[in-house]
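Everything below concerns the one structure shown next.
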Amino acid sequence: MFKQLLGEYDKNHAHISIFPGAGGEDAKDWANMLLDMYVKYAQRRGWKISYIDDRAIDVKGEYAYGNLKNEAGVHRLVRISPFDSKKLRHTSFALVEVLPELPHLEYQQMQIPAEDLRFETYRSSGPGGQNVNKRETAVRAVHLPTGISAASQNERSQVQNKEKALNLLKSKLFKLMEARQDKELKNLRTQVKPEWGSQIRSYVLHPYQQVKDHRTKVVSHQPDKVLEGDLDKFITAELEL
């Protein structure tokens, strides 16, 4: 057992959200590519996937959070942009956020004052952006004191989406409370912007082929396989630190 898999929530399921950074349409496409990569990695592990929002998934499997937690951070892509008519090379960034799914009892025990919450509703859309519901069944929960939010749109009803969004919000607040033990209250998300100089891993598709983790120095010269979910050596190297 890796030492890094002995954390309180490491055995739990995981929630992954991905946020496009600098790079416009390329960054949005890159965020979608990363989401597909984690879906395929989870499928390789035999874990179950469910979509929560356009760029957010639940990963249900033993030690899913422990294995995926170190994927949190900024990921950089270099490639010939499919959105550039001149076929120029572009650099894109996306921020990966990984949270543990908490035991149901802990969700119940955590009470958030009603005056600290705001719920927003909107129309649900599928992972590809296609509208699949004419009613406003999707829900975003906002914690007003911190500005932290969480959304859910893939449940069947607004009530179910509200409960899911609230539970995701509680996960974020639990993580924030852990960080507060020795520090001031901070935003849960990584304290860097998804842009140049802050990346934990770079994926270069042009002018050469390479994926390099800047923390462990692990390198792959087969980025196509990495993007198909072949992440084992990157995740194992991080767990061995």
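Between the D213 side chain and the F234 main chain, no donor and acceptor come within less than 3.5 Å of each other. H15 places no side-chain N or O within 3.5 Å of a backbone atom of L99 that could act as its donor or acceptor partner. When atom types are taken as modelled, the side chain of S220 and the backbone of P223 share no donor-acceptor pair closer than 3.5 angstrom. Without hydrogens or angle criteria, D10 side chain to G7 main chain gives a donor-acceptor distance under 3.5 Å. A donor-acceptor pair under 3.5 Å is absent between the side-chain atoms of W30 and the main chain of G21, judged by distance alone. At least one donor-acceptor pair under 3.5 Å links the side chain of N67 to the backbone N or O of Y63. Of the possible donor and acceptor atoms, one in the side chain of Q160 sits under 3.5 Å from a partner among the backbone N and O of S157. With Q158 contributing its side chain and E136 its backbone, the two residues share a donor-acceptor pair below 3.5 Å. For N161 (side chain) and E155 (main-chain N/O), a donor-acceptor pair under 3.5 Å exists by modelled atom type. Remark: side-chain polar atoms of S124 are not paired, donor with acceptor, to backbone N or O of N154 under 3.5 angstrom.
No side-chain donor from either of R140 and S149 sits under 3.5 Å from a side-chain acceptor of the other. Defined by atom type and a distance below 3.5 Å, a donor-acceptor pair is missing between the side-chain atoms of E101 and Y65. Side-chain contact of Q153 with D54: a donor-acceptor pair under 3.5 Å is present, judged by distance alone.
Taking NE2 of H214 as the reference point, atom OG of S198 lies at 10.0 Å (rounded to 0.5 Å). For the atom pair I18 CD1 and I57 CD1, the distance stands at 7.0 Å (nearest 0.5 Å). Here NZ of K48 is found 9.5 Å from NZ of K60. Values are rounded to the nearest 0.5 Å. From E228, atom CD reaches atom CG of D230 across 10.0 Å, with rounding to the nearest 0.5 Å.
Residues K86 and D84 are not paired through a salt bridge, judged by the lack of any N-O separation under 4.0 Å between the basic side chain and the carboxylate. A salt bridge links E120 and R118; the closest N-O separation between the charged side-chain nitrogens and carboxylate oxygens is under 4.0 Å.
Within the 4.5 Å cutoff, the side chain of R79 has heavy atoms near those of the D29 side chain. At least one side-chain heavy atom of R215 sits less than 4.5 Å from a side-chain heavy atom of E238. Residues N70 and I200 fail the side-chain proximity criterion, which asks for heavy atoms closer than 4.5 Å.
Among L231, I49, V59, the single residue meeting the side chain to side chain contact (heavy atoms under 4.5 Å, CB included) criterion with Y41 is L231.
With a 6.0 Å radius and a threshold of 12 heavy atoms from other residues, nucleotides or ligands, K40 has its NZ atom above the threshold.
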